[in-house]
Amino acid sequence: MAQQYLDALDRKILNLIADNARIPFLEVARACNVSGAAIHQRIAKLTQQGVLKGSEFIIDPDKIGYETCAFVGLYLKDPEKFDMVVEKLKQIPEVTECHYTTGGFDMFIKIYARNNHHLLNIIHDKLQPLGLSRSETIVSFNAVIDRQVAIPVFNDDTEGEGADE
């Protein structure tokens, strides 16, 4: 999808709601010095353009019993079965992300498990039967940076600032 043009008001709105998705639109309007209707229209436009994908509550996995976060690089015996493996991964609730990446892995996934023993069971009982030749697991001790992507500023008179040239 093509990059969307974001003016200064769009960027300010995005920064405000990225910090707090529950911020009232009237508070956003006051901070932006525009009407509430203007904020509603901008949010609708950004949603329609696909810039915003909605809002959600974020559950802390640790607070509900998932103490182990791991990233697993998967090597498939038959890489042509990528789509089938993705469909099977969607059925494993502990798998929260799946990426098609460059490098040696055929795919790279993120898993939350109750503990290391549970992680071992997921890898052995749920992942290996998918047709893996092997996997490489990295356990995360703690996410020290976990944030939204920065809102770009290179669409207007600051062209080029922060952009890849």
Side-chain angles (χ1 to χ4, degrees), residues 1-6 10-11 13-25 28 43-155 161-165:
M1 180 178 234
Q3 179 181 329
Q4 299 297 325
Y5 174 79
L6 301 175
D10 290 332
R11 289 192 305 273
I13 292 167
L14 289 172
N15 278 312
L16 288 165
I17 65 175
D19 286 341
N20 177 7
R22 299 183 76 184
I23 188 172
F25 282 3
V28 174
I43 296 286
K45 176 192 81 166
L46 292 166
T47 301
Q48 186 269 330
Q49 291 176 333
V51 173
L52 288 173
K53 292 183 173 184
S55 60
E56 60 189 24
F57 288 101
I58 300 170
I59 299 168
D60 183 338
D62 192 51
K63 302 284 193 233
I64 61 169
Y66 290 97
E67 296 176 0
T68 301
C69 173
F71 298 89
V72 185
L74 305 178
Y75 297 87
L76 304 178
K77 288 180 187 172
D78 184 0
E80 290 181 7
K81 296 194 175 185
F82 179 88
D83 292 335
M84 183 274 300
V85 173
V86 169
E87 290 307 312
K88 298 279 188 190
L89 288 170
K90 288 178 182 178
Q91 298 171 20
I92 302 172
E94 295 90 352
V95 174
T96 60
E97 294 181 26
C98 178
H99 300 267
Y100 188 47
T101 64
T102 61
F105 303 128
D106 292 307
M107 56 184 67
F108 194 71
I109 63 174
K110 182 176 183 180
I111 295 177
Y112 283 100
R114 291 186 302 277
N115 51 43
N116 288 344
H117 184 74
H118 182 218
L119 176 62
L120 175 63
N121 287 340
I122 294 166
I123 293 168
H124 183 267
D125 299 340
K126 295 180 179 182
L127 298 180
Q128 287 299 331
L130 299 179
L132 304 184
S133 60
R134 67 188 183 103
S135 63
E136 291 182 24
T137 303
I138 301 166
V139 173
S140 170
F141 292 126
N142 188 23
V144 293
I145 298 174
D146 185 6
R147 61 182 171 207
Q148 299 259 7
V149 67
I151 309 303
V153 293
F154 49 84
N155 286 326
E161 186 178 317
D164 291 333
E165 304 278 336

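One is the number of the first residue; the rest follow in order along the sequence. None of the values given here were measured: they were computed from a predicted structure.
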Interatomic distance, NZ@Lys110 vs OG@Ser140, rounded to 0.5 Å, equals 7.5 Å
| query | Do Lys88 and Val85 have side chains that get closer than 4.5 Å, going by heavy atoms? | reply | no
The reported gap from CG in Leu46 to CD in Gln48 (rounded to nearest 0.5 angstrom) is 10.0 Å
With Ile111 as partner, the option from Leu119, Val139, Thr96, Leu89 fulfilling side-chain contact (heavy atoms from CB on, under 4.5 Å) is Leu119
- Show your reasoning for whether side-chain contact (heavy atoms from CB on, under 4.5 Å) applies to Asp106 and Leu74. CA-CA 6 Å; Asp106 292 307; Leu74 305 178; 5.7 Å; no
- Task: Please confirm whether the backbone N or O of Val144 pairs with a side-chain atom of Asn142, one donor and one acceptor, at under 3.5 Å?
- Result: no
dist Asn115:CG -> Thr68:OG1 (nearest 0.5 Å) comes out at 6.0 Å
Does CD in Glu97 sit with more than 12 non-hydrogen atoms of other residues, nucleotides or ligands closer than 6.0 Å? yes
Residues Tyr5 and Asp10: closest non-hydrogen pair is O-OD2, 3.9 Å
(message) Counting only heavy atoms from other residues, nucleotides and ligands, does the tally under 6.0 Å from CD1 of Ile59 exceed 12?
(response) no
**OP:** Using distance alone, with no hydrogens and no angle criterion, decide if Tyr112 and Glu67 have a side-chain donor and acceptor under 3.5 Å apart.
**Re:** no
Here the pair of heavy atoms bringing Asp125 nearest to Pro129 is O-CG, 3.3 Å
Heavy atoms of Ser135 and Gln128 approach each other most closely as OG-NE2, 3.9 Å
Here the gap from Ile43 atom CD1 to Ser55 atom OG, rounded to the nearest 0.5 Å, amounts to 9.5 Å
Heavy-atom check, side chain of Phe71 versus side chain of His99, under 4.5 Å
no
May I ask you to check if Arg134 and Tyr75 form a cation-pi contact, with NZ or CZ under 6.0 angstrom from the six-membered ring centre and within 45° of the axis? yes
Should we say atom CG of Asn20 is surrounded by more than 12 heavy atoms from elsewhere, each under 6.0 Å from it?
yes
Q) Are any of the side-chain heavy atoms of Leu76 and Met107 separated by less than 4.5 Å? A) yes
inquiry  = Closer than 4.0 angstrom, basic N to acidic O: yes or no for Lys126 and Glu94?
reply    = yes
Nearest heavy-atom contact between Arg11 and Ile151 is CG-CG2, 3.5 Å
One should read off an interatomic distance between Glu87 CD and Leu130 CG, to the nearest 0.5 angstrom, of 12.0 Å
key: From CA spacing to verdict: side-chain contact (heavy atoms from CB on, under 4.5 Å), Leu52, Ile17   = CA-CA 10 Å; Leu52 288 173; Ile17 65 175; 3.8 Å; yes
- If you draw a 6.0 Å radius around CD in Gln148, do more than 12 non-hydrogen atoms from other residues or ligands fall strictly inside? no
In short, Arg114 meets Tyr66 closest at the heavy-atom pair N-CD2, 3.8 Å
